[in-house]
2 protein chains.
Amino acid sequence: MSKLKIKITRQRKIILEELKRVASHPGADKIYEMVRLKLPKISLGTVYRNLEILAKYNIIKKLEFGSNQKRFDGNPENHFHIRCLNCGIIDDLFLEKLNNLKNILPKEDKGYKIIGYNLEITGLCSKCKLK
Amino acid sequence: MSKLKIKITRQRKIILEELKRVASHPGADKIYEMVRLKLPKISLGTVYRNLEILAKYNIIKKLEFGSNQKRFDGNPENHFHIRCLNCGIIDDLFLEKLNNLKNILPKEDKGYKIIGYNLEITGLCSKCKLK
DNA sequence: ATCACTGCAAAGGGTTTGCATGGTT
DNA sequence: AACCATGCAAACCCTTTGCAGTGAT
């Protein structure tokens, strides 16, 4: 949790603002669209580079599940994600029962030092479950 | 769990055999290499198409974690996977403690009907943890 | 003056797809 | 004959990268 210095450029500031503004866990392309409304000359490469950096500094979270596209979450705090198997929407889920999941994991198994986990919950969103 | 009919072509048979033969959870490219030793004229497209079909029929398992590349597992039974954060190797893990994870999940939350989950455990393999 | 950041465009990787051909029933 | 599977190659999507120019300290 070291406080490394990260330079807050205009691009980074707006990428972060836009990402925090939405709950949709957008991919880089959607973020590019959103940011471009405020910063029309930004390049897609810059968006990719900065999302990567923001994630490395734990300012945002990178989600790399099931879909072929990486998605990003403006909320870096520990929580879970559910993906609708039908429409693909990704939402936050706060499941207290699962907060001790880390403690259930062994420290070591089969010669591996166990460090963490990535959990994706799957299901159907309120719209899709009606069909 | 309906027993749908799947035609076992020579290509499918060999893809399945080769995949079951290894514990390395290879990607489509590696599977293509392996299969081509026995079926030199097979095309990469056929490998992709058949891996997709075999996974749909639950004959094999498709792993879509962290990496950009999909990996495949010849063992369709329920078990867990660990990925070495350093070298990227993926291995099977059988953790009895976690077998009831499904039961811990609520059936419903935030309007979502919860169906399942994908869990990837991360860590360091026996070689990489020494460094 | 330096060094990291940017825009642009091209390249990269993994995967999918259209099409004509070939195999099975 | 109908239908699905195959080989081939091109297309596709998402992401990364080289480069020259820009900005901030």
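Every heavy atom of this structure was used, including side-chain atoms; hydrogens, water molecules and symmetry mates were not. Chain A is the first sequence line, chain B the second, and so forth, proteins listed ahead of strands; every chain is numbered from 1.
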For this session: By nearest nucleotide on DNA chain D, pick out whichever of A/G27 and A/R49 is the more 5' one.
Result: A/G27

Distance check needed: [N] [atom2] versus [X] [atom1], whole Å only.
X	N	atom1	atom2	value
B/Y32	C/dG13	OH	P	16 Å
B/I8	C/dT25	CD1	C1'	16 Å
B/I6	C/dT24	CD1	C1'	16 Å
B/L44	C/dT15	CG	P	9 Å
B/I53	C/dT17	CD1	P	12 Å
A/L39	C/dC5	CG	P	16 Å
A/L54	C/dC5	CG	C1'	13 Å
B/K56	C/dT16	NZ	P	12 Å

For this session: Could you list all the side chain to side chain donor-acceptor pair (under 3.5 Å) pairs where at least one residue sits in residues 97-108 of chain A, not counting sequence neighbours?
Result: A/E108-B/K129

Exercise. Going only through I, L, V, M, F, W and Y residues with side-chain contacts under 4.5 Å, is there a path from A/L85 to B/Y57?
Worked result: no

Problem set entry | Nucleotide range of DNA chain D lying under 4.0 Å from chain A heavy atoms | D/dC14 to D/dG18

Seminar exercise, completed: side chain to side chain contact (heavy atoms under 4.5 Å, CB included) test vs A/L63 passes for just one of A/K70, A/H25, A/E120, A/Q69, namely A/H25

Problem set entry | Candidate list A/I121, A/N118, A/L119, test side chain to side chain contact (heavy atoms under 4.5 Å, CB included), partner A/F65, passing option | A/N118

For this session: Pick base, sugar-phosphate or nothing for A/R12, based on heavy-atom distances below 4.0 Å to the nucleic acid.
Result: sugar-phosphate

Look at the side chain of [X] and decide which nucleotide, out of [options], has an atom nearest to it.
X	options	result
B/K70	C/dT15, C/dG18, C/dG14	C/dT15
A/I42	C/dT16, C/dG7, C/dG18	C/dG7
A/Q11	C/dT6, C/dG14, C/dT16	C/dT6
A/N50	C/dT16, C/dA4, C/dT6	C/dT6

Exercise. Which is it for B/R21 and B/E18 under the salt bridge (Lys or Arg N to Asp or Glu O under 4.0 Å) test, yes or no, and what are the steps along the way?
Worked result: CA-CA 5 Å; B/R21 216 168 46 72; B/E18 292 303 297; 2.8 Å; yes

Exercise. So which one's nearest nucleotide on DNA chain C is more toward 5', B/G45 or B/K7?
Worked result: B/G45

For this session: Could you tell me whether the phosphate oxygens of C/dT16, OP1 or OP2, come under 4.0 Å of any side-chain nitrogen or oxygen in B/Y48?
Result: no

Exercise. OP1 or OP2 of C/dG7 less than 4.0 angstrom from a side-chain nitrogen or oxygen of A/T46, does that happen here?
Worked result: yes

Exercise. Does B/E52 have any salt bridge (Lys or Arg N to Asp or Glu O under 4.0 Å) partners at least two apart in sequence or in another chain, and if so, which?
Worked result: B/K62

Exercise. Is any side-chain heavy atom of B/P76 closer than 4.5 Å to a side-chain heavy atom of B/I60?
Worked result: no

Problem set entry | Distance-only donor-acceptor test, B/R10 side-chain atoms vs C/dG23 base atoms, 3.5 Å | no

Problem set entry | Plane angle bin for A/Y117 and A/F80 - parallel if under 30°, tilted between 30 and 60°, otherwise perpendicular | parallel

